[in-house]
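Worksheet: one structure, shown below.
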Amino acid sequence: MKPAPFTYHDPRTVAEACEVLATRENARVLAGGQSLMPMMNFRAVMPDHLVDLNQIGALSYLRVANGALEVGAMTRQRELEISADVGRRCPVLREALRHVGHRQTRNRGTLGGSLCHLDPSAELANVTALLGGTLHAISRRGRRDIPFPEFAVGYLTTSLAPDELLAGVTLPLPRSGHGYAFVEFARRRGDFAVVACSALLRLDSRGGIADAAIALSGMSHAPVRPAAIERALRGQKPDAAAFKAAAAEAAKLDAAGDPFVSAGYRRHLARVLTYRALEQAAARAREAAINQYETG
Ligand code: FAD
């Protein structure tokens with residue numbers, strides 16, 4: 001199949017791109033094209049105007065500032081994957097990236113594209129939820145900062161207005177000495193996950209759980225942060241009993257069913273993957289505590 005006819009725009013600045021989005025009906029933004037082009041070829045989407053962001057250098061950046069990772073929307077997934085800063089300060093993001101498609105798709109695919117495409121089990125959306133990310137939208141009307149839970153509003157649907165584009169994302173960095181995990185179940189390596197679970201754990205000086213964050217994706221239209229489960233973990237010992245109780249609660253979360261995967265199976269995966277993620281994050285948190293002790 002081939003895409004329906006469209007007018008191609010090749011802006012060199014964010015302002016130019018915003019001008020096109022503000023003055024043309026039925027415009028779509030092109031980033032890495034790894035989701036949009038197949039959808040256009042299948043005529044699942046038929047934009048009249050295609051606004052190519054690939055020549056706008058200002059949308060591609062990666063920096064650590066004010067205790068956060070600041071990432072431009074056009075930053076390639078592969079660049080994030082091989083970044084020393086990401087590896088050192090946010091290893092859960094690097095671990096998740098290894099599950100995103102294939103190296104070839106990560107070479108072209110971008111962080112902004114993945115978040116705006118918003119596949120329910122996109123790994124990058126999961127980690128953005130886990131870290132409490134804020135998305136920075138921009139239009140001719142100005143800039144708007146959107147907390148992730150207010151960004152993902154429905155199946156493949158964001159709260160971006162038609163004249164807005166995503167300029168960047170701010171991901172708060174976990175405190176040093178944390179443990180992390182990203183686990184998923186997918187039919188084949190490189191496929192979108194059926195269900196994925198990420199976790200961050202920080203231990204206190206007595207080895208108890210000081211802080212816990214969990215993100216589950218693939219259960220419904222966007223990743224969920226089960227706040228009650230996170231709260232229940234705080235103060236507990238990081239042991240099998242605590243993780244079994246957390247996993248049992250995860251299995252009670254709302255889950256969507258479809259012709260390919262039943263809601264019950266998704267809940268079963270939520271249970272299994274939550275346990276695995278917490279167990280792995282706890283082991284890494286203990287390791288981090290020993291390293292911190294040894295290095296003083
Ligand atoms: P595009 O495809 O260019 O755009 C995607 C959507 O986002 C479009 O609607 C576009 O208009 C919009 N958009 C893009 N950038 C912006 C912006 N800055 N502002 C506003 N709107 C914007 N993804 C996973 O998460 N996990 C996987 O396992 C996975 N496996 C894949 C396997 C294959 C074989 C392929 C081809 C893709 C796979 N993907 C997977 C999708 C891939 O990660 C895409 O990169 C991602 O979904 C979209 O990123 P992109 O930069 O290519 O965006």
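In each ligand, atom 1 is the first atom listed, and ligand 1 is the first ligand listed.
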Starting from [atom], which protein heavy atom do you reach first, and at what distance in Å?
atom                    : value
atom 24 (C) of ligand 1 : Phe192 CE2, 3.2 Å
atom 4 (O) of ligand 1  : Leu36 CB, 3.8 Å
atom 50 (P) of ligand 1 : Gly32 N, 3.5 Å
atom 47 (O) of ligand 1 : Ser35 OG, 2.8 Å
atom 42 (C) of ligand 1 : Gln34 CB, 4.0 Å
atom 8 (C) of ligand 1  : Arg28 NH1, 3.8 Å
atom 16 (C) of ligand 1 : Val29 CG1, 3.6 Å
atom 32 (C) of ligand 1 : Gly190 O, 3.7 Å

Seminar exercise, completed: At under 4.0 Å between heavy atoms, what of Leu160 touches ligand 1? The answer is side chain
Going by the order shown, which atoms of ligand 1 are within less than 4.0 Å of some heavy atom of [X]?
X      : result
His117 : 5 (C), 6 (C), 7 (O), 47 (O)
Leu166 : 17 (C), 18 (N), 19 (N), 20 (C)
Glu123 : 24 (C), 25 (O), 26 (N), 27 (C), 28 (O)
Gly109 : 45 (O), 51 (O), 52 (O)
Asp191 : 28 (O)

Do NZ/NE/NH1/NH2 and the carboxylate oxygens of [X] and [Y] come within less than 4.0 Å?
X      : Y      : answer
Asp258 : Arg266 : yes
Asp191 : Arg189 : no
Arg24  : Asp48  : no

Under 4.5 Å between any side-chain heavy atoms of [X] and [Y], yes or no?
X      : Y      : result
Lys237 : Ile209 : no
Leu30  : Val51  : no
Leu216 : Pro223 : no
Met40  : Arg28  : no
Glu79  : Ser60  : yes
His117 : Leu156 : yes
Glu81  : Arg78  : yes
Ser139 : Leu21  : no

Between the candidates [options], which shows the shortest non-hydrogen contact distance to [atom]?
atom                    : options               : value
atom 51 (O) of ligand 1 : Leu118, Asp52, Thr110 : Thr110
atom 21 (N) of ligand 1 : Cys116, Ser114, Ala31 : Cys116
atom 5 (C) of ligand 1  : Gly72, Gly101, Gly113 : Gly113
atom 1 (P) of ligand 1  : Ala196, Ala73, Gly33  : Gly33
atom 35 (C) of ligand 1 : Ile56, Thr105, Leu30  : Thr105

Exercise. Does one side chain, of Asn126 or Ser198, offer a donor that lies under 3.5 Å from an acceptor on the other?
Worked result: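 There is such a pair between these side chains.
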Proximity flag [X] to ligand 1, non-hydrogen atoms under 4.0 Å:
X      : value
His99  : yes
Asp119 : no
Gln77  : yes
Leu124 : no

Exercise. Should the pair Phe243 and Tyr275 be assigned to parallel (<30°), tilted (30 to 60°) or perpendicular (>60°) ring geometry?
Worked result: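 It falls in the perpendicular class, over 60°.
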Exercise. Between Tyr265 and Phe185, how do the two ring planes meet: parallel, tilted or perpendicular, split at 30° and 60°?
Worked result: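 Rings of Tyr265 and Phe185: perpendicular, over 60°.
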